[in-house]
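Working notes for the structure below.
All ligand and atom numbering here is 1-based and tracks the order in the structure. All values reported here derive from a predicted model rather than from experimental measurement.
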Amino acid sequence: MNQSKAIFEEAKQYIPGGVNSPVRAFQSVGMDPIIVKEAKGSKIIDVENKEYIDYISSWGPLILGHASDIVSNGIMDYIHKGTSFGLPTKIEVDIAKLIHEAFPSMELIRMVNSGTEATMSALRVARGYTKRNKILKFEGCYHGHSDSLLVKSGSGTLTYGVPTSEGVPQKVVEDTLVGEFNNIENVKQIFKENQNEIAAVIVEPVPGNMGVIPPNKGFLEALRTITKEEGAVLIFDEVITGFRLGFGGAQGTYGIKPDMTCLGKIIGGGLPVGAYGGKKEIMEMVAPLGNVYQAGTLSGNPIAVKMGYNTLNYLKNNQDIYKTLEDKAIILEKAFNEHIEKAGVPARVNRVKSMLTVFFNGQDVVSYQEASTSDTQMYSQYFKGMLAEGILLPLAQFEGMFLSAAHTDEDLEKTIKASKKVLLSL
Ligand SMILES: *Cc1c(COP(=O)(O)O)cnc(C)c1O
């Protein structure tokens with residue numbers, strides 16, 4: 001038995017499925033997981049000392065690559081000064097200011113420890129602010145694993161075919177309405193049927209959890225208009241897109257100002273961080289200013305926030321990085337499309353800026369409806385083929401590839417060569 005197999009067998013004795021987050025079990029690609037030893041730049045090395053060019057990027061956070069010196073700059077100093085106080089520190093102000101600079105719509109910002117916490121808290125605040133209970137989310141959008149949001153969500157729940165998790169009371173999700181992404185008529189209909197009852201619309205402005213899906217022209221604008229008209233809070237879940245599409249996230253890219261925004265992933269620089277914020281008037285509902293309770297022992301943890309701050313500060317001062325990242329993604333997109341055509345496989349590439357998905361699907365994927373008809377079997381074959389060539393792709397069809405500053409021209413060339421070989425063999 002090789003070492004990774006041995007570690008995984010032992011893991012299964014103590015950890016459900018051997019993993020601390022379901023997708024890591026590699027079930028959807030039908031194999032045992034890679035056990036990571038270490039990583040640097042664009043490469044992950046497993047316990048067998050096999051090296052892979054990594055396009056998972058920890059599911060989005062690692063925009064500057066693995067073990068970046070930029071991100072960890074000065075961190076040992078911080079650790080020696082104490083790792084948690086449960087009291088305010090200056091670095092929390094620094095990161096809040098920086099986030100506000102990138103996201104002016106976030107007038108007040110609260111740090112939390114994960115994206116799940118950010119969306120869960122934002123919903124509570126929106127409900128408190130509007131004095132309404134219902135929320136509208138979109139099929140295939142994932143907003144973390146809090147009860148009321150675990151309805152027709154993407155990512156692992158798509159892969160595992162658990163649209164609604166067991167253990168979530170029917171009563172809790174009764175107030176969760178589900179709409180169709182990119183279908184504004186559907187949204188209008190839902191508002192019509194639930195007049196003055198919808199507290200918030202929460203959306204991934206560019207869904208990344210059913211694979212990458214670009215918003216149709218006008219869809220996000222229409223959401224902005226209708227929520228304003230109907231007195232509902234528009235929440236952009238930018239846990240992936242924040243600091244990924246550009247320094248100002250999806251809202252900066254598309255020029256739309258949501259009422260509230262949720263962040264995570266990149267803002268922690270690889271440590272567990274989330275944040276939510278929005279209009280002053282809404283965020284003043286949060287304790288101790290208002291009566292919506294939300295707290296966290298480790299929220300705003302100085303080490304995590306420092307790593308996040310380093311990342312965001314670098315991005316702020318090097319915004320040309322976004323053009324470079326997109327250029328790399330375009331190179332992959334073009335090559336993949338070429339090979340797909342040559343190989344005659346039913347597939348297409350969806351790309352928004354530096355995130356992309358190869359959908360094994362014969363039709364254009366514009367919403368959950370099409371995404372869900374993708375050939376996951378073929379994706380799994382593609383994944384395995386690529387892995388054998390030393391390329392680590394997302395562990396499921398319904399996830400995005402994320403480019404990082406660490407991906408080199410050589411990495412791209414190697415990836416393209418491998419992809420050609422694998423696609424032609426499918
Ligand atoms: C990852 C993700 C979350 C959940 O964040 P966690 O840190 O995993 O809790 C929420 N929303 C979106 C869009 C995400 O991609």
Side-chain angles (χ1 to χ4, degrees), residues 19-24 55-63 103 110-124 126 135 137-160 165 176 181 200-215 220 223 234-245 249-251 253 258 260-277 294 296 298-301 304-305 307-308 311 352-357 368 371 394-396 398-402:
V19 291
N20 282 312
S21 197
V23 74
R24 292 180 206 167
Y55 290 99
I56 298 176
S57 302
S58 187
W59 307 98
L62 303 181
I63 194 162
F103 292 76
R110 183 53 76 75
M111 303 303 293
V112 290
N113 305 290
S114 68
T116 295
E117 259 190 81
T119 54
M120 178 185 78
S121 309
L123 278 191
R124 186 180 304 145
I135 54 158
K137 76 174 288 287
F138 294 95
E139 202 169 12
C141 283
Y142 177 69
H143 304 292
H145 65 87
S146 73
D147 282 352
S148 58
L149 287 165
L150 263 190
V151 183
K152 304 217 171 170
S153 46
S155 211
T157 63
L158 275 189
T159 301
Y160 292 98
S165 166
T176 305
F181 187 81
V201 174
I202 185 165
V203 64
E204 288 182 77
V206 177
N209 287 294
M210 45 180 158
V212 175
I213 295 190
L220 297 173
L223 283 185
L234 179 61
I235 305 173
F236 270 13
D237 178 351
E238 296 225 38
V239 170
I240 287 182
T241 55
F243 298 97
R244 161 65 57 187
L245 300 191
Q251 53 197 270
T253 302
M260 297 187 80
T261 301
C262 300
L263 297 171
K265 300 203 163 104
I266 288 177
I267 65 161
L271 264 72
V273 176
Y276 70 98
Q294 184 274 314
L298 290 170
S299 291
N301 173 267
V305 165
M307 299 269 282
T311 307
V352 177
K353 302 284 180 182
S354 65
M355 44 198 276
L356 67 160
T357 297
Y368 168 77
L395 307 180
F398 308 111
E399 309 282 357
M401 291 170 70
F402 296 105

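Close approach of ligand 1 to S114 is summarised as follows: ligand atoms under 4.0 Å from at least one heavy atom of the residue are 7 (O), 9 (O). Within ligand 1, the atoms closer than 4.0 Å to a non-hydrogen atom of Y142 are 11 (N), 12 (C), 13 (C), numbered from 1 in the order shown. Those atoms of ligand 1 that come under 4.0 Å of a heavy atom in I240, given as number and element, are 15 (O). Set against the non-hydrogen atoms of G144, the atoms of ligand 1 under 4.0 Å away are 3 (C), 4 (C), 10 (C).
Looking at I63 and K265, their side chains never come closer than 4.5 Å, going by heavy atoms from C-beta outward. Looking at L263 and Y276, their side chains never come closer than 4.5 Å, going by heavy atoms from C-beta outward.
Considering only non-hydrogen protein atoms, atom 7 (O) of ligand 1 sits nearest to G115 N, 2.9 Å. Scanning the protein heavy atoms around atom 11 (N) of ligand 1, the nearest turns out to be D237 OD2, 2.6 Å. When only non-hydrogen protein atoms are considered, atom 9 (O) of ligand 1 lies nearest to T116 OG1, 2.6 Å.
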Item checked: Candidate pair F103 and F243, rule side chain to side chain contact (heavy atoms under 4.5 Å, CB included), full reasoning -> CA-CA 10 Å; F103 292 76; F243 298 97; 3.4 Å; yes
Note to self: Apply side chain to side chain contact (heavy atoms under 4.5 Å, CB included) to residues H143 and M120 and explain how you reach the verdict.
What the structure shows: CA-CA 8 Å; H143 304 292; M120 178 185 78; over 6 Å; no
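Counting only distance, with no hydrogens or angles, the side chain of K137 and the backbone of V151 share a donor-acceptor pair below 3.5 Å. Of the possible polar contacts, none joining the E399 side chain to the W59 backbone as a donor-acceptor pair under 3.5 Å is found.
With no hydrogens or angles considered, no side-chain donor-acceptor pair links Q294 and R124 at under 3.5 Å.
Of the listed residues (E238, H145, K265), the one carrying the non-hydrogen atom nearest atom 2 (C) of ligand 1 is K265.
Inclusion of E204 in the set of residues having an N or O under 3.5 Å from an N or O of ligand 1 is not warranted.
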